[in-house]
**Q** 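Please read through the structure below; I'll follow up with questions.
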Amino acid sequence: MTQPWTDIKNTDLAIVMGGNAAEAHPCGFKWLVEAKAHRGAKLIVVDPRYTRTAAVSDYYAPIRQGTDIAFLLGVIRYCIANDKIQWEYAKNYTNISYLVKDGFSYKDGLFTGYDEMKRDYDRSSWDYQLGADGFVQSDMTLQHPRTVWQLLKDHVEQYTPELVERICGTPKDKYLHICEMIAATSAPDKAMTSMYALGWTQHSKGAQNIRTMAMLQLLLGNIGIAGGGMNALRGHSNIQGLTDLGLMSNLIPGYLSIPTEKEKAIGDYLATRQFKPLRADQTSYWRNYDKFFVSFQKSMWGDHATKDNDWGYDYLPKLDVPAYDILRMMEMMNEGKVNGYFCQGFNPILSIPNRAKTTAALSKLKYLVTMDPLDTETSNFWRNFGIYNDVKSADIKTQVFQLPTTCFAEEEGSLANSGRWLQWHWAGGSAPGDCKHDTWIMAQIFLRVKKLYQAEGGAYPDPIVNLTWNYADAEEPTPEELAKEVNGYALADQFDAKDPTKLVAGKGKLLVNFSQLKNDGSTSSGCWIYSGQWNENGNNMARRDNADPGNMGTFLNWTFAWPVNRRVLYNAASCDMQGKPWDPSRKLIEWNGSKWVGNDVPDIAPDAQPGKVQPFILNQEGTARLFTRALLRDGPFPVHYEPFESPVKNVINPAIRGNPVARIFQADVASFGDASEFPYAATSYRLTEHFHYWTKHNRVNSVLQPEFFVEISHELAAEKSIQNNGWVRVWSKRGEVKAKAYVTKRIQPLICDGKAVHVVGIPLHWGFMGAAVKGWGPNSLTPVVGDANSDTPEFKAFLVNIEPTTPPAVS
Ligand SMILES: Nc1nc2c(c(=O)[nH]1)N[C@H]1C(S)=C(S)[C@@H](COP(=O)(O)OP(=O)(O)OC[C@H]3O[C@@H](n4cnc5c(=O)[nH]c(N)nc54)[C@H](O)[C@@H]3O)O[C@H]1N2
Ligand SMILES: Nc1nc2c(c(=O)[nH]1)N[C@H]1C(S)=C(S)[C@@H](COP(=O)(O)OP(=O)(O)OC[C@H]3O[C@@H](n4cnc5c(=O)[nH]c(N)nc54)[C@H](O)[C@@H]3O)O[C@H]1N2
Ligand SMILES: [Mo]
């Protein structure tokens with residue numbers, strides 16, 4: 001999130017599109033209830049289903065899943081046509097005036113450089129025109145035909161309300177009403193907030209869904225201001241922490257990235273990350289990349305990371321593919337390329353697409369280790385649960401080891417929420433039986449592997465045997481020790497940058513924050529953005545002072561927010577070119593004539609002159625991007641593409657199937673279905689009464705939502721002679737499930753391009769372990785298609801067929 005949850009109380013208009021916050025984020029949703037009650041804020045919901053969020057909205061419109069880009073490019077077109085742009089913001093804080101290279105163009109659904117065989121682009125033309133000084137060329141009059149503004153205007157021109165209705169199935173009158181509500185927030189003193197989650201991410205063009213809204217928000221001047229923002233409402237309580245701490249195969253903590261195979265030397269690596277400013281007077285904060293990186297290496301390998309060995313650069317693995325995400329791992333297992341799999345706090349048999357493929361993949365392993373407090377379907381993947389008889393237990397040779405762990409509530413630590421607050425928590429109870437903390441188990445494995453390397457050598461023992469392991473009890477590092485290590489230490493005395501006689505952190509002391517990080521090996525930090533979480537003032541994540549003197553919901557002494565306790569990212573954009581808030585009644589920060597002051601930690605150097613340095617300091621440009629250059633793999637502007645499996649043809653580019661850069665594996669192509677065999681548009685989602693696959697182990701939740709069901713409209717029920725509460729068989733090209741039918745007015749057929757499209761809604765909480773009545777969820781049906789940029793599976797839009805059936809026999 002660019003805002004914290006608490007800032008949502010300051011909004012004028014919230015749009016929940018691509019999520020269902022009232023059900024999936026009920027606790028955070030209360031801040032929107034505050035905004036409605038105390039500011040008269042309005043709520044728009046756009047969802048294929050009339051959700052519980054829709055039930056408390058001021059305006060609801062249906063949309064066919066997978067078509068949000070067309071919808072939102074149409075809203076941008078509306079704002080342009082009606083001059084609803086926050087011009088001072090857009091001109092100064094975005095790249096709207098920059099000139100794009102002459103070689104770049106867009107035609108028939110593709111940008112310059114597409115290679116059909118590779119399903120990828122040569123992106124070299126997707127860039128700005130640079131001057132002899134290396135700075136980007138611009139035209140503040142916006143008249144030049146190569147400005148981002150002119151290209152954007154052309155790009156969105158085709159997305160008329162009529163086309164939006166044809167593609168999305170959203171009735172034109174409803175659509176125009178929403179356009180009008182959104183466009184009104186272009187006034188400098190009006191704020192709209194976008195709250196989204198998986199309804200946008202779980203698509204083959206998920207990243208572009210989000211970008212389209214970000215572009216709209218930038219044109220309206222709604223990012224960085226109080227009550228405005230782009231908000232990814234995160235899932236598991238610490239999933240924000242997962243990405244912050246680099247648990248993705250292509251990341252290092254703090255959104256640094258793993259080197260690629262081509263980057264043989266540290267110089268190659270830094271050259272493509274340590275960006276120089278593209279404009280005069282810009283900050284380009286990534287210029288400090290080497291400080292964050294070297295400090296990370298020092299936290300990992302201490303005295304073994306030296307200038308002479310390039311800070312241990314060779315110790316890092318190098319990527320030969322974009323990422324080893326879960327879809328790729330399953331593909332590799334299926335190809336027989338993986339022997340063992342450690343599955344920690346993860347239940348992939350239920351949570352990743354195409355269960356038949358997952359089962360086949362796990363069956364090819366020599367061993368599977370699960371680390372989980374619960375007995376999961378994944379650790380029992382080899383069992384035949386009796387309903388479909390599709391698992392042949394006798395043929396599966398994989399050896400399974402179950403290591404029982406504690407649950408997060410049984411240990412101390414911090415959780416990073418969606419608003420980037422690192423909140424310390426304490427153990428709520430002690431764990432039953434002989435289960436162990438994850439840290440204990442991982443420490444045991446590490447110590448044993450290290451011993452083996454020490455005894456036997458091996459191909460390259462250095463990264464393992466040289467790893468820093470300075471914990472009081474080597475057998476189990478404490479959360480406190482780990483949190484301090486992540487914060488970082490001064491490895492030598494540190495002096496003030498402006499006054500070299502002033503000691504700011506003595507050797508061995510905790511660093512104040514990341515501004516002290518150095519590239520000379522004299523500091524360490526496990527995750528630069530978390531630096532400041534636990535310094536010599538103590539554990540800042542444990543702070544619980546809820547004073548909010550400015551009443552802006554920033555609560556600066558409540559926990560610690562990354563970066564440097566800042567609550568609203570890009571808050572320098574909340575002020576005009578004179579440094580005054582666009583809305584004086586909602587002041588985050590302001591320029592007092594000599595420095596920035598206010599209710600939040602300024603996202604700009606404290607003495608930076610207003611109007612000069614631009615507020616998006618992490619970007620090379622200093623401005624936000626309406627045109628992303630080559631940063632996204634599938635285009636510098638979003639384009640409407642159909643889901644990979646779609647009930648209708650792409651009406652603007654009929655020859656293109658799905659996102660042309662979507663990640664697919666050749667082996668899965670035969671398992672994609674089409675509308676002639678599978679005419680219905682399925683989607684999958686959560687219910688508030690369950691949390692994924694855990695709470696079915698709990699009788700109370702299982703009583704509230706006992707049984708696997710699918711939701712369909714009255715019209716589809718009539719067409720297929722399906723009774724409410726009757727049994728149905730739902731099948732796709734990949735498998736089938738049986739479920740109870742729930743016939744509801746909350747799903748209505750959508751008219752797309754003159755054809756009725758029926759939506760089949762499939763909640764995801766069931767399985768075969770635990771207390772609830774058994775049944776497989778949606779992932780027996782979903783396809784293995786990944787987003788072009790993030791590899792997130794297309795869980796939200798796929799094709800099925802449905803018919804009435806007899807009840808299954810439950811074992
Ligand atoms: N009670 C409960 N809360 C949870 C969870 C849980 O299991 N139970 N899980 C947590 C996790 S890990 C996550 S990631 C979050 C997920 O939070 P959400 O994303 O809010 O939850 P979902 O129910 O998966 O999907 C949200 C909505 O997206 C809609 N949708 C589907 N496709 C589209 C589309 O193409 N466009 C639009 N506009 N809408 C679409 C669906 O109809 C659904 O209403 O929830 C978290 N919170
Ligand atoms: N079709 C479809 N599929 C989906 C989705 C969808 O919307 N549609 N949503 C996707 C999303 S967003 C998510 S997040 C996934 C969820 O998929 P998973 O993450 O696989 O599901 P969970 O049930 O949350 O599994 C987490 C496991 O962690 C265990 N656990 C809890 N605390 C601890 C701990 O402290 N240590 C350890 N080691 N284990 C612990 C729990 O017991 C549980 O078994 O599903 C994904 N799959
Ligand atoms: Mo999630």
Side-chain angles (χ1 to χ4, degrees), residues 326-343 346-372 374-403 665-673 677-678 684 692-693 696-697 708 727-739 762 764-770 772-785 793 795 798 800-801 803 805-811:
I326 188 66
L327 299 185
R328 187 179 300 278
M329 287 311 301
M330 286 299 151
E331 177 67 16
M332 288 172 63
M333 277 181 212
N334 227 355
E335 290 169 1
K337 292 183 181 157
V338 182
N339 288 330
Y341 176 34
F342 264 80
C343 185
F346 187 32
N347 198 355
I349 208 85
L350 292 183
S351 63
I352 68 170
N354 194 350
R355 180 172 60 86
K357 178 173 179 179
T358 313
T359 307
L362 296 177
S363 304
K364 292 192 176 139
L365 293 170
K366 290 205 173 95
Y367 66 93
L368 166 70
V369 183
T370 58
M371 288 170 64
D372 206 290
L374 297 172
D375 194 11
T376 65
E377 282 75 4
T378 297
S379 43
N380 291 279
F381 82 94
W382 47 272
R383 271 173 59 179
N384 183 315
F385 290 101
I387 291 192
Y388 302 118
N389 232 15
D390 60 355
V391 176
K392 298 199 172 50
S393 304
D395 296 346
I396 299 176
K397 304 276 181 290
T398 310
Q399 196 172 7
V400 181
F401 301 88
Q402 281 182 286
L403 304 181
F665 297 105
Q666 208 47 44
D668 292 312
V669 170
S671 72
F672 299 140
E677 218 182 326
F678 304 97
S684 53
H692 298 158
Y693 323 109
K696 60 184 162 54
H697 291 257
F708 179 34
W727 281 92
V728 284
R729 179 171 89 99
V730 184
W731 73 105
S732 75
K733 192 82 183 250
R734 296 153 293 273
E736 67 170 25
V737 293
K738 288 184 179 178
I762 312 178
L764 55 76
H765 301 291
W766 290 274
F768 282 86
M769 313 299 294
V773 174
K774 323 291 184 185
W776 291 116
N779 289 326
S780 303
L781 309 172
T782 45
V784 181
V785 175
F795 286 130
F798 55 98
V800 296
N801 208 333
E803 67 181 10
T805 191
T806 50
V810 176
S811 65

**Q** Apply the test side chain to side chain contact (heavy atoms under 4.5 Å, CB included) to residues L368 and C343: give CA-CA distance (whole Å), side-chain angles for both, the deciding distance (0.1 Å), then the verdict.
**A** CA-CA 7 Å; L368 166 70; C343 185; 4.1 Å; yes

**Q** For the residue pair Q402 and S379, confirm or rule out a side-chain donor-acceptor distance under 3.5 Å.
**A**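 There is such a pair (donor and acceptor under 3.5 Å, judged by atom type) between the side chains of Q402 and S379.
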
**Q** Check whether any side-chain N or O of K337 sits under 3.5 Å from a backbone N or O of M332 as a donor-acceptor pair, and report yes or no.
**A**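 Pair absent, no side-chain N/O of K337 close to backbone of M332.
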
**Q** With sequence neighbours excluded, tell me which residues meet side-chain contact (heavy atoms from CB on, under 4.5 Å) with W731.
**A**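 For W731, the residues satisfying side-chain contact (heavy atoms from CB on, under 4.5 Å) (neighbours in sequence not counted) are F678, R729, E736, N801, E803.
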
**Q** With a 4.5 Å limit on heavy-atom distance, are the side chains of F381 and I396 in contact?
**A**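 Side-chain contact under 4.5 Å: yes.
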
**Q** Where do R355 and S780 come nearest, in terms of heavy atoms and distance?
**A**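 Heavy atoms of R355 and S780 come nearest at NE-OG, 2.9 Å.
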
**Q** Before you tell me yes or no, could you show the steps for K392 and N384 under side chain to side chain contact (heavy atoms under 4.5 Å, CB included), namely the whole-Å CA-CA distance, both residues' side-chain angles and the distance that decides it to 0.1 Å?
**A** CA-CA 7 Å; K392 298 199 172 50; N384 183 315; over 6 Å; no

**Q** Tell me, with the steps shown, if I349 and L362 meet side chain to side chain contact (heavy atoms under 4.5 Å, CB included).
**A** CA-CA 9 Å; I349 208 85; L362 296 177; 3.9 Å; yes

**Q** So F346 and S351, do their side chains get closer than 4.5 Å, heavy atoms only?
**A** yes

**Q** Assess, by modelled atom type and distance only, whether the side chains of N347 and T378 contain a donor and an acceptor separated by less than 3.5 Å.
**A** yes

**Q** Can you find a heavy atom in the side chain of P353 that is under 4.5 Å from one in the side chain of F795?
**A**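 Answer yes - side chains close enough.
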
**Q** Measure across N779 and Y693 and return the closest heavy-atom pair with its distance rounded to 0.1 Å.
**A**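 Heavy atoms only, the tightest pair is ND2-OH, 4.4 Å.
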
**Q** Looking at S671, is its backbone amide N or carbonyl O close enough to the side chain of R734 to form a donor-acceptor pair, meaning the two atoms are under 3.5 Å apart?
**A**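 Answer holds: yes.
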
**Q** Parallel, tilted or perpendicular, judged at 30° and 60°: which one describes the rings of F342 and Y367?
**A**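 Aromatic pair F342/Y367 classed perpendicular.
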
**Q** Is a side-chain N or O of R383 found less than 3.5 angstrom from the main chain of S393, in a donor-acceptor match?
**A**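 Here the side-chain-to-backbone pair does not exist.
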
**Q** How close do F708 and G777 get, counting heavy atoms only, and between which atoms?
**A** CZ-CA, 3.9 Å

**Q** If you compare all heavy atoms of L365 against all heavy atoms of T398, which two are closest, and at what distance to 0.1 Å?
**A**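 Closest pair (atom of L365, atom of T398, distance): O-OG1, 3.1 Å.
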
**Q** Taking all non-hydrogen atoms of both residues, which atom of P793 and which atom of L327 are closest, and how far apart?
**A** CG-CD2, 4.1 Å

**Q** When you measure from the side chain of T376 to the backbone N and O of D372, does any donor-acceptor pair fall under 3.5 Å?
**A**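 Between the backbone of D372 and the side chain of T376 there is no qualifying donor-acceptor contact (under 3.5 Å).
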
**Q** In Å, rounded to the nearest 0.5 Å, how long is the span from NZ of K738 to OG1 of T806?
**A** 5.0 Å

**Q** Tell me whether T805 contacts the main-chain N or O of V728 through its side chain, where contact means a donor paired with an acceptor under 3.5 Å.
**A**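 Not at all, since once roles are kept as given, no pair shorter than 3.5 Å links the two residues.
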
**Q** Salt bridge check, D668 against K357: does any charged N sit closer than 4.0 Å to a carboxylate O?
**A** yes

**Q** For the residue pair F798 and L781, establish whether any side-chain heavy-atom pair is separated by less than 4.5 Å.
**A** yes

**Q** Under the side chain to side chain contact (heavy atoms under 4.5 Å, CB included) rule, what do N380 and M769 come out as? Steps first, then yes or no, please.
**A** CA-CA 9 Å; N380 291 279; M769 313 299 294; 3.4 Å; yes

**Q** Evaluate the side-chain proximity of Y341 to M330: yes if any heavy-atom separation is below 4.5 Å, no if none is.
**A**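 Result yes, sub-4.5 Å side-chain heavy-atom pair found.
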
**Q** Only counting residues at least two apart or in another chain, list the ones meeting salt bridge (charged side-chain N to carboxylate O under 4.0 Å, His left out) with K696.
**A** E377

**Q** Which of parallel (below 30°), tilted (30 to 60°) and perpendicular (above 60°) describes H765 and H692?
**A** parallel

**Q** What is the minimum heavy-atom distance between A739 and W727, and which atoms define it?
**A** O-CE3, 3.2 Å

